[in-house]
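Report on one structure; see the data block that follows.
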Amino acid sequence: MTSAAAFVRLLRTAPRGWAGGLLVLMILGSLTEGIGLLLLVPLLDVLGGQAEDRNPIAQHLVAALRAVGLPLSLGSLLSVFVALIVLRSLVQHARERLRASLQHRVVDTLRQRCFAGLLGAEWRWIAMGRQADHANLLLTDVSRVGVGLYFGLSLLASLATALAYVGTALALSWQMTLLAMLSGGLVFGALAGHRRAALRLGQNLGSANRALQGTIQESLAGIKLTKILGTEARHLEHFRQTTQQLRDEQLRFQASTSLSRAGFQIGGGLLLAAYLYAGLTLALTPLPELLVLVMVFARLIPLFLSAHQDYHHWLHAMPALGEAERLLDACRQAAEPDAGAGADAAHIPVPVRESIDLEGVTLRYAGRDQAALDGISLRFPARTTTAIMGPSGAGKSTLADVLTGLLTPDSGAVKVDGAEIGPARRMAWRRSVAYVPQDVFLFHDSIRANLLWGDAHATEAEMADALRRAAADFVFELPQGLATVVGDGGLRLSGGERQRIALARALLRRPSLLILDEATSALDTGNEARIRRAIEQLHGSLTAVIIGHRLPTLEHADQVVVLEAGTVKAQGSWAAVRQHTESPRHA
């Protein structure tokens, strides 16, 4: 990936016309800068008492001024000079505002594309990845791309201004300009190693950022366990080492940047002295032109330094863009099948009128020899309750993911009322399913806001009814009621309270299929009984699948299925399979 090609690809994500408008403003700023500098030649001539300058470009400029009725006087020349400064300042202001807007728009677009790619990818691929790496890319890497884009746009502005300076210098003395360009090119070439180092350091910084993001996420999630185990010092040392690794990479880049700046400043000073000497002794340049040339070169040297630093920073950020593009490519390869012509129907739920059928469903996870589900064939009659039992690793949660449409079987089919849930119906089917897992996820927001994720248009009365049906009456006793903030992940609530709110959220969806995956495992006997009664009251209104092992919850199911090693070991009434539940391995 070349730096220029990467920069162009990034700019293509900007709104149409923005990059072109920025280029126009850069050109206008450069023209006003160049004309302003050329005006210094006749201005110095007037101050020196000379009527005309021998430079043909300056003569054309004077003729243009006279053509618009401006005399060659100190006042008129100063007025035009000040007017050009005002115009250039306004153009620069517009340029900087457009550059900032373009930068933020591109970064926001890239971040949204990455997140949209993750949302559209197959769940199996997402589950195999590392959540901390995705978080690091969305937060840190994309921000680094934004910083790199800022410096890339600054590089373009510097180059545009530099072209104005070079054009001015060529108009005054092509010999001196050629000497300056050749010597500047030598300095630029001498710093090639620093640019390669910037790219390498950018790659190292990406790895260090991912390590820190993963450490932070795992450390925060494990604080409770850390305190219980008394390993605070160990975790703190691991955090310190990871942080130090990131800081070392940042300091290496800073040292490289500082060294290249020092080299440019030293070389620039030597070159400026050489230009002045050559102009006075070799080229015999007239003093007014020489003074303007010295001014131009004095501005060009720090401008080239700025351009080099901007390029340095862009190279440092370019690996972050590569990470984002690799994620987008991976998401495209792992994208869920396009619904195609059925996309318009994706928002229409699929009711279950007869049954849900699994026919020879087999599913394997990468890196595992044993299939998670191996030739499973099951029938879930509409408006009945099915209990799924089995030891850990039997395939219960995988079966739940297949039923929700999150996982696509490697072979076999999932059918609703005899019609297969294929790509065109998958999204619509998910709108018909409500899922309450063992590890409930709640947003750091109010109870009301969390419930509205089940139905964004639910009324207060509907939310209250769902809470009562889910045995979550405790919400009405809270001082702030539905406005109560649940905390990060719901940590301000007990485990049982979180699960009851999650169940209420699921009921607000009015699902055709309700899946409870160990959803009562954290409840006490009294609340479990209340939820059992609530589920019994739902009997006949929806199809329910209950995954668990606690007898009071399962024994009233219409059918019980026992899984073991991804296969069905027993199926039928509770009495027919009771011996499996009494076995220690199924406890």
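Just so you know, residue 1 is the first one in the sequence shown, and it goes up from there.
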For this session: Evaluate the criterion side-chain hydrogen bond (donor to acceptor under 3.5 Å, both in side chains) for residue pair Glu237 and Gln241; output intermediate values, then yes/no.
Result: CA-CA 6 Å; Glu237 176 60 20; Gln241 291 177 357; 3.0 Å; yes

Exercise. How far apart are the C-alpha atoms of Arg448 and Thr484, what are their side-chain angles, what is the distance that settles it, and do they pass the side-chain hydrogen bond (donor to acceptor under 3.5 Å, both in side chains) test?
Worked result: CA-CA 8 Å; Arg448 178 185 291 104; Thr484 302; over 6 Å; no

Seminar exercise, completed: What one should report as the nearest heavy-atom pair of Tyr365 and Ala372 is CE1-CB, 3.5 Å

Exercise. How long is the gap from CG on Leu442 to CG on Asn450, to the nearest 0.5 Å?
Worked result: 5.0 Å

Exercise. Roughly how far, to the nearest 0.5 Å, is CZ of Arg9 from CG of Leu321?
Worked result: 6.5 Å

For this session: Start with the C-alpha gap between Leu327 and Cys331, add the side-chain angles, then the distance that decides, and say whether side chain to side chain contact (heavy atoms under 4.5 Å, CB included) holds.
Result: CA-CA 6 Å; Leu327 174 69; Cys331 287; 3.9 Å; yes

Exercise. When you look at CZ of Arg492, are more than 12 heavy atoms from neighbouring residues, nucleotides or ligands closer to it than 6.0 Å?
Worked result: yes

For this session: Would you name the heavy atoms of Ala458 and Leu508 that are closest together and state the gap between them?
Result: CB-CD2, 4.0 Å

Exercise. Does Val486 reach the side chain of His444, with side-chain heavy atoms less than 4.5 Å apart?
Worked result: no

For this session: Check the pair Arg124, Arg364 against side chain to side chain contact (heavy atoms under 4.5 Å, CB included), reporting the backbone distance first and the verdict last.
Result: CA-CA 10 Å; Arg124 192 188 311 196; Arg364 297 178 181 273; 5.5 Å; no

Problem set entry | For the student: nearest non-hydrogen atoms of Arg509 and Gly454, plus distance | CG-O, 3.2 Å

Seminar exercise, completed: In terms of heavy-atom contacts, Cys114 and Leu138 come closest through CB-CD2, 3.7 Å

Exercise. Crowded around Tyr150 OH? As in, over 12 foreign heavy atoms under 6.0 Å?
Worked result: no

For this session: Identify whether the distance between the nearest side-chain nitrogen and carboxylate oxygen of Arg332 and Glu122 falls below 4.0 Å.
Result: no

Exercise. Is a donor on one side and an acceptor on the other found under 3.5 Å between the side chain of Arg430 and the backbone of Gly405?
Worked result: yes

For this session: Provide the closest heavy-atom pair for Val440 versus Pro437 in the form atom of the first, atom of the second, distance.
Result: CG2-O, 3.6 Å

Exercise. So how far is it from Leu153 CG to Asp310 CG, rounded to the nearest 0.5 Å?
Worked result: 9.5 Å

Problem set entry | Note, Leu11 side chain near Leu102 side chain (heavy atom, < 4.5 Å) | yes

Exercise. Side-chain donor-acceptor pair under 3.5 Å between Arg111 and Ser143, yes or no?
Worked result: yes

Exercise. For Trp453, does the CH2 atom have more than 12 heavy-atom neighbours from other residues, nucleotides or ligands under 6.0 Å away?
Worked result: no

For this session: Please check if atom CH2 in Trp123 has more than 12 non-hydrogen atoms from other residues, nucleotides or ligands closer than 6.0 Å.
Result: no

Problem set entry | N/O donor-acceptor pair under 3.5 Å between Glu323 side chain and Asp141 backbone | no

Exercise. Between Leu328 and Arg113, is a side chain to side chain contact (heavy atoms under 4.5 Å, CB included) present by the stated rule, with each step listed?
Worked result: CA-CA 8 Å; Leu328 289 172; Arg113 285 178 59 199; 3.5 Å; yes

Exercise. Rounded to the nearest 0.5 Å, how far apart are CG of Leu149 and CG of Leu155?
Worked result: 11.5 Å

For this session: Could you check Leu10 against Trp314 for side chain to side chain contact (heavy atoms under 4.5 Å, CB included), going step by step and ending with a plain yes or no?
Result: CA-CA 12 Å; Leu10 189 58; Trp314 164 245; 4.1 Å; yes

Problem set entry | Between Asp329 and Gln333, a side-chain donor and acceptor under 3.5 Å | no

Exercise. Atom CD in Gln92, atom CG in Leu87: separation rounded to 0.5 Å?
Worked result: 10.0 Å

Exercise. Closest approach of Ala483 and Ser446, non-hydrogen atoms and distance?
Worked result: O-CB, 3.7 Å

Exercise. Take atom CZ in Arg240; do more than 12 heavy atoms of anything else shown fall under 6.0 Å from it?
Worked result: yes

For this session: Could you tell me the separation between the OG1 atom of Thr408 and the CG atom of Leu363, rounded to the nearest 0.5 Å?
Result: 8.5 Å

Exercise. Under 4.0 Å between a Lys/Arg side-chain N and an Asp/Glu carboxylate O for Arg105 and Asp108?
Worked result: no

